[in-house]
A.B. asks: 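First, the structure itself, so that you have it in front of you.
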Amino acid sequence: MDQLHIQNTLTKKKELFVPLNAPFVGMYVCGPTVYSDPHLGNARPAITFDLVNRYLRHLGYKVRYVRNITDVGHLENDGDAGEDKLQKKARVEQVEPMEMAHFYTSLYQDLMRKLNVRRPDIEPTASGHIPEQIEIVENIMKNGYAYESNGSVYFDVPKYNQEFNYGKLSGRNLDDFIAGGGERISEEQLEEKRHPADFALWKNAPPEHIMKWHSPWGVGFPGWHVECTAMSTKYLGKKYDIHGGGMDLVFPHHEAEVCQSNAAIGDSHSHDLDEAKYWMHNNMITLNGKKMSKSLGNNITIGELFTGKHPLLAQPYSPMTIRFFMLQAHYGGTLDFSNEALQAAEKALKRVTDAFQRLNGMHFKAGMPMAHDPEKEALLKNFEQDARAAMNDDFNSAKVIARMFEVVPVINSIHAGNALPTDVNTLHDFRVAFNTWYTDILGLIPEETAGNVDSKTEELMALIIELRKTAREEKNWGLSDKIRDGLAALKIKVKDTPHGTEWNVED
RNA sequence: GGCGACGUGGCCGAGCGGCUAGGCAGAGGUCUGCAAAACCUCGUACAGCAGUUCGAAUCUGCUCGUCGCCUCCA
């Protein structure tokens, strides 16, 4: 594909990407609720939309990327007077809700930095946008798609459905809702709600509720879905280009956003506002075939992944291994987690990273021995366009990585001292392209040098390698192997290559 | 019950009607004092059954199986 196409949840089709207002692109992604340790599942949308963000920028778009922090919390049970998650956790930990939100926000940001996820351009908090949320609710009421009940405000789904198409995003309809979820609606809720499908825009706060604000309807707190509509509208406009998030948010969260957007700011001439033009959803990560989630209690936190301290983990996995593991699969499919798969990803990443570093260490000069190899030359010359074609096909990073691996043997062959398969200019161009894809678009960073190697260590190692070289020249294998084994015990790996002896610290 | 996804070689995972995906693991070989790394070669898979087609892993139908959403979740 020579132009970017995106799988659009709204239309269920893969569509050509045409920004509403090129070269500007607005993108909003649902961020974390900051009340607990971020888990592996949280990393998937972050990395998925980091890839999208990076690629759009690579294509030259002026992207404004907004990813929110949900720090107001949602009720544990829809519609009843139960405690919200944040408040409950704060009480258990005996801290201010905001103190806890700040703690987990920082933790999340720190983990994202390790995963080399670029910071969004705006990272708004729900608590910081209460007036904007109230305004959205007021607009919806003004337009007649909401009603007040006992100090709470509910979205009038049946009314909305008369003029708009409720369920267009998730492929549901009101009848299905009643047939399925209706039975789960508690009687308590129905006291306030007119229809089981109605959802809260504003909720009255019981006295014991800590996080509450003044509103035209009394003291309360915003409903579950308004924050995203309010913040995306504020920073990206009534309709923007891309809204992203996990698949589990399609219903009810994103469906509600579509409703709110149309009801609050749509008019009779634009029933297709739908908040965003392209709705993108990453699939779930599974663990032994089951969805990994907080509520199922089978989640692994990102921190545990890095340290390896979890019963299911055979070893620690580095941030780049996690990132690479995710990019090796298309974001639209489930990704099953296992030690075996992660270990394979770790080795694969090392292979491509080694090649990356070798490539960057090469000095191409005119007049180097050259043996034209049409096949290898084609791999190098086509790399950029092949990678781009894969990426244009709904961000198929898995395919991009496959193309990288096809080029790795060529790089290694040159590094091994074989003749250049093509001319120096082609090699230069290829190197630039490979760097761009590895570093800028996939967002990978070589990790090996992360080991604490200071200049003194460098000098000592140079001396040791020199001594071993002497031993080898004297065919004193006993001594040279003793040195190598001794270093290996210190996690320093020695390799004798045609260019001399190399070493590196393993983690 | 409603809506939806998926089932690819030992494992992970691309594939969207014809042309080798790729990685990991495994086998053989080259190089090397040995090792490591690297390079070369090797598996011929598509849940099952019908059908459409000159031709299907790819389209259609059915069967079986797995999973997700319908309640906060990425």
Side-chain angles (χ1 to χ4, degrees), chain A residues 12 14 29-33 35-36 38-46 48-49 70 73-79 82 84-85 167 170-173 175-186 224 244-253 255 281-286 289-296 299 324-325 328-330 332-338 340-349 351-352 354-355 358 390 393 396-406 408-409 411-413 415-418 472 475-477 480-481 484-485 488 493-498 502:
Chain A
K12 279 95 186 154
K14 202 183 281 183
V29 173
C30 292
T33 303
Y35 71 107
S36 65
H39 61 111
L40 179 54
N42 288 299
R44 175 99 114 142
T48 296
F49 293 101
T70 297
H74 304 301
L75 287 179
E76 292 266 285
N77 297 299
D78 180 29
D84 84 41
K85 290 188 295 196
S170 58
R172 288 156 209 269
N173 59 53
D175 298 336
D176 295 340
F177 189 96
I178 295 162
E183 63 204 51
R184 301 172 194 251
I185 306 295
S186 70
W224 309 267
M247 229 169 218
D248 49 350
L249 295 181
V250 174
F251 192 91
H253 185 56
E255 192 69 64
H281 293 96
N282 62 275
N283 215 318
M284 302 291 101
I285 284 178
T286 58
K290 293 258 195 250
K291 188 181 85 155
M292 181 186 304
S293 81
K294 281 179 269 195
S295 53
L296 290 178
N299 62 311
F324 186 79
F325 172 64
Q328 255 191 317
H330 185 255
T334 53
L335 179 58
D336 196 43
F337 167 91
S338 68
E340 206 178 0
L342 277 175
Q343 282 161 3
E346 182 179 76
K347 287 181 184 169
L349 174 61
R351 180 167 155 80
V352 74
D354 283 349
R358 283 170 190 150
D393 188 3
N396 196 334
S397 54
K399 217 168 175 179
V400 171
I401 289 172
R403 295 288 87 81
M404 281 184 151
F405 277 110
E406 287 177 353
V408 163
I411 295 170
N412 287 335
S413 156
H415 179 257
N418 296 329
R472 293 182 72 217
K475 298 198 190 295
N476 187 347
W477 310 129
S480 76
D481 288 354
R484 186 171 64 194
D485 294 345
K493 199 173 197 175
V494 173
K495 287 186 285 192
D496 298 317
T497 77
E502 296 174 358

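Sequence lines set the chain letters: A, B, ... in the order given, protein chains first and strands last, and positions in each chain run from 1.
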A.B. asks: Considering only side-chain heavy atoms of N42(A), which listed nucleotide, rA74(B), rC16(B), rC24(B), is closest?
C.D. replies: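 Nearest listed nucleotide: rA74(B).
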
A.B. asks: On RNA chain B, compare the nucleotides closest to G332(A) and G31(A); which residue's is nearer the 5' end?
C.D. replies: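 By nearest-heavy-atom nucleotide position, the 5'-most residue is G332(A).
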
A.B. asks: Applying the Watson-Crick and G-U wobble criteria at under 3.5 Å, what pairs with rU44(B)? Answer none if nothing qualifies.
C.D. replies: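 Base-paired to nothing in any strand shown.
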
A.B. asks: Identify the two heavy atoms, one from A348(A) and one from Q328(A), that lie closest to each other, and give their separation to 0.1 Å.
C.D. replies: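 Smallest interatomic distance, heavy atoms only, reads CB-NE2, 4.3 Å.
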
A.B. asks: Is the ring centre of W477(A) under 5.5 Å from the base ring centre of rG33(B), and are the two planes under 30° apart, so that they stack?
C.D. replies: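 W477(A) ring centre within cut-off of rG33(B) base, planes near parallel; stacks.
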
A.B. asks: Are any non-hydrogen side-chain atoms of R351(A) and P409(A) less than 4.5 angstrom apart?
C.D. replies: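 R351(A) vs P409(A): side chains touch.
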
A.B. asks: Partner of rU30(B) by Watson-Crick or G-U wobble geometry, both contacts under 3.5 Å, or none?
C.D. replies: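 rU30(B) is paired with rA38(B).
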
A.B. asks: Provide the closest heavy-atom pair for A345(A) versus F324(A) in the form atom of the first, atom of the second, distance.
C.D. replies: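 Closest approach of A345(A) to F324(A): O-CD2, 3.6 Å.
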
A.B. asks: Testing the basics here: between K399(A) and A390(A), what is the closest heavy-atom pair and its distance to 0.1 Å?
C.D. replies: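 Between these two residues, the closest heavy atoms are CB-CB, 3.6 Å.
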
A.B. asks: How do K347(A) and M284(A) order along RNA chain B: which one's closest nucleotide is nearer the 5' end?
C.D. replies: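 The residue whose closest nucleotide sits nearer the 5' end is K347(A).
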
A.B. asks: rC16(B) pairs with which nucleotide, Watson-Crick or G-U wobble, both distances below 3.5 Å?
C.D. replies: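 rC16(B) is paired with nothing.
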
A.B. asks: Provide the Watson-Crick or G-U wobble partner of rU71(B), both distances under 3.5 Å; none if there is no partner.
C.D. replies: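 The base-pairing partner of rU71(B), which may sit in any strand shown, does not exist here.
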
A.B. asks: Using atom CZ of F325(A) as one end and atom C1' of rC12(B) as the other, report the distance to the nearest whole Å.
C.D. replies: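 Distance check: F325(A) CZ to rC12(B) C1' gives 8 Å.
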
A.B. asks: How many angstroms lie between SG in C30(A) and CG in D248(A), if you round to the nearest 0.5 Å?
C.D. replies: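 C30(A) SG to D248(A) CG: 10.0 Å, rounded to 0.5 Å.
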
A.B. asks: Between D481(A) and R484(A), does any side-chain N to carboxylate O distance fall below 4.0 Å?
C.D. replies: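 Looking at R484(A) together with D481(A), the answer is yes, because their closest N to O distance falls below 4.0 Å.
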
A.B. asks: Nearest whole Å is fine: how far is rA74(B) P from L335(A) CG?
C.D. replies: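 Going from L335(A) (CG) to rA74(B) (P), I get 17 Å.
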
A.B. asks: Taking atom C1' in both rA25(B) and rU66(B), compute the distance separating them and give it to the nearest angstrom.
C.D. replies: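 Here rA25(B) and rU66(B) have their C1' atoms 25 Å from each other.
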
A.B. asks: L349(A) has an atom CG; how far is it from atom C1' of rC12(B), in whole Å?
C.D. replies: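 For the pair L349(A) CG and rC12(B) C1', the rounded distance is 15 Å.
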
A.B. asks: Given the C1' atoms of rA74(B) and rG68(B), what is the spacing between them in whole Å?
C.D. replies: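 13 Å, rounded to whole Å.
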
A.B. asks: rA21(B) and rG43(B): how far apart are their C1' atoms, nearest whole angstrom?
C.D. replies: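 It works out to 15 Å between them.
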
A.B. asks: Roughly how many Å is it from CG in N173(A) to P in rC3(B), rounded to a whole number?
C.D. replies: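 Roughly 8 Å, once rounded to whole Å.
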
A.B. asks: Sort me out a list of protein N/O and nucleotides 35-42 of chain B N/O pairs below 3.5 Å, or just none if empty.
C.D. replies:
| from | atom 1 | to | atom 2 | distance (Å) |
| --- | --- | --- | --- | --- |
| rA35(B) | N6 | D496(A) | O | 3.1 |
| rA35(B) | N1 | D496(A) | N | 3.0 |
| rA35(B) | N3 | R484(A) | NH1 | 2.9 |
| rA36(B) | N1 | D496(A) | O | 3.0 |
| rA37(B) | O2' | R358(A) | NH2 | 3.0 |
| rA38(B) | O3' | N412(A) | ND2 | 3.1 |
| rC39(B) | OP1 | N412(A) | ND2 | 2.9 |
| rC39(B) | OP2 | R351(A) | NH1 | 3.3 |

A.B. asks: From C-beta outward on N396(A), which listed nucleotide comes closest to its side chain: rA74(B), rA25(B), rA14(B)?
C.D. replies: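 Closest of the options to the side chain of N396(A): rA14(B).
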
A.B. asks: From NZ of K14(A) over to C1' of rC16(B), roughly how many Å is that when rounded to an integer?
C.D. replies: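 Rounded to the whole Å, the gap is 7 Å.
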
A.B. asks: Roughly how many Å is it from CE in M247(A) to P in rC70(B), rounded to a whole number?
C.D. replies: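 M247(A) atom CE is separated from rC70(B) atom P by 13 Å.
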
A.B. asks: Hey, is the main chain of N396(A) close enough, under 3.5 Å, to the side chain of D393(A) for a donor-acceptor pair?
C.D. replies: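 Looks like no, no N/O pair under 3.5 Å.
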
A.B. asks: Applying a 3.5 Å limit to both distances, which nucleotide forms a Watson-Crick or G-U wobble pair with rC49(B)?
C.D. replies: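 In the structure as shown, rC49(B) has rG61(B) as its Watson-Crick or wobble partner.
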
A.B. asks: At what distance, to the nearest 0.5 angstrom, does CZ of R44(A) lie from OG1 of T334(A)?
C.D. replies: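 These two atoms lie 7.5 Å from each other.
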
A.B. asks: Please work out if H281(A) contacts a base, only the sugar-phosphate, or nothing of the nucleic acid, heavy-atom cut-off 4.0 Å.
C.D. replies: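 If one applies the 4.0 Å heavy-atom cut-off, H281(A) turns out to touch nothing in the nucleic acid.
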
A.B. asks: Using atom names, set out every protein N or O paired with an N or O of nucleotides 18-21 of chain B below 3.5 Å, distance rounded to 0.1 Å.
C.D. replies:
| from | atom 1 | to | atom 2 | distance (Å) |
| --- | --- | --- | --- | --- |
| rA21(B) | O2' | R403(A) | NH2 | 3.0 |
| rA21(B) | O2' | E406(A) | OE2 | 3.1 |

A.B. asks: Give every pair of a protein N or O atom and an N or O atom of nucleotides 26-29 of chain B that lie under 3.5 Å apart, one pair per line with the distance.
C.D. replies:
none

A.B. asks: What is the separation between atom CZ on F49(A) and atom P on rA74(B), rounded to the nearest whole Å?
C.D. replies: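 Answer to the nearest Å: 13 Å.
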
A.B. asks: Closest approach to the side chain of R172(A), judged atom by atom: which nucleotide of rC70(B), rA14(B), rG23(B) is it?
C.D. replies: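 Of the candidates, rC70(B) comes closest.
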
A.B. asks: I'd like the C1' distance from rC49(B) over to rG65(B), given in whole Å.
C.D. replies: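 Here rG65(B) and rC49(B) have their C1' atoms 15 Å from each other.
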
A.B. asks: Figure out the CD/P separation between E346(A) and rA25(B), and round it to whole Å.
C.D. replies: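 Between P of rA25(B) and CD of E346(A): 11 Å.
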
A.B. asks: Above 12 or not: heavy atoms from other molecules or residues under 6.0 Å from NZ of K475(A)?
C.D. replies: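 Counting other residues, nucleotides and ligands, NZ of K475(A) stays at 12 neighbours or fewer.
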
A.B. asks: Please round to the nearest 0.5 Å and tell me the distance separating atom CG of L249(A) and atom CD of E255(A).
C.D. replies: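 Interatomic distance, L249(A) CG to E255(A) CD, rounded to 0.5 Å: 12.5 Å.
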
A.B. asks: Per the side chain to side chain contact (heavy atoms under 4.5 Å, CB included) rule, which among I285(A), L335(A), L40(A), L349(A) passes with F325(A)?
C.D. replies: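 The option that passes is L335(A).
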
A.B. asks: Could you tell me which non-hydrogen atom of D336(A) sits nearest to which non-hydrogen atom of A341(A), and how far apart they are?
C.D. replies: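 Nearest heavy atoms, D336(A) then A341(A): O-CB, 4.5 Å.
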
A.B. asks: Using only heavy-atom distances, decide whether a donor-acceptor pair under 3.5 angstrom links the side-chain of D248(A) to the base of rG68(B).
C.D. replies: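 No.
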
A.B. asks: What are the two closest heavy atoms between R472(A) and S480(A), and how far apart are they?
C.D. replies: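 Of all heavy-atom pairs spanning R472(A) and S480(A), the closest is CG-CB, 3.5 Å.
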
A.B. asks: Taking rU44(B) as the reference, what is the distance to rC39(B) when you measure between their C1' atoms (whole Å, please)?
C.D. replies: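 Taking atom C1' in both rC39(B) and rU44(B), they lie 23 Å apart.
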
A.B. asks: What is the nucleic acid contact for G246(A), judged by heavy atoms within less than 4.0 Å: base, sugar-phosphate only, or nothing?
C.D. replies: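 Sugar-phosphate contact only.
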
A.B. asks: Suppose you measure atom P in rC54(B) against the same atom in rC40(B); what distance do you get, rounded to whole Å?
C.D. replies: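 rC54(B) and rC40(B) have their P atoms separated by 42 Å.
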
A.B. asks: For a quick check of understanding: with a heavy-atom distance under 4.0 Å over all strands, which category does S480(A) fall into, base, sugar-phosphate or nothing?
C.D. replies: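 Here S480(A) touches the bases of the nucleic acid.
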
A.B. asks: Would you compute the distance between atom NZ of K347(A) and atom CD of Q343(A) and round it to the nearest 0.5 angstrom?
C.D. replies: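 If I round to the nearest 0.5 Å, the distance is 7.0 Å.
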
A.B. asks: What nucleic acid atoms does I285(A) come within less than 4.0 Å of, heavy atoms only: base, sugar-phosphate, or nothing?
C.D. replies: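 Result for I285(A) = base.
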
A.B. asks: Under 4.0 Å, heavy atoms only, any strand: does D481(A) hit a base, just the sugar-phosphate, or nothing?
C.D. replies: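 Since a base atom lies under 4.0 Å of D481(A), the category is base.
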
A.B. asks: Atom CD1 of I411(A) and atom CZ of R358(A): how far apart are they, to the nearest 0.5 Å?
C.D. replies: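 Separation between the atoms: 9.5 Å.
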
A.B. asks: Quantified in whole Å, what is the P atom distance between nucleotide rG7(B) and nucleotide rA57(B)?
C.D. replies: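 Going atom to atom, P in each nucleotide, I get 15 Å.
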
A.B. asks: Between rA38(B) and rC24(B), how far apart are the P atoms? Round to whole Å, please.
C.D. replies: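 To the nearest whole Å, 9 Å.
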
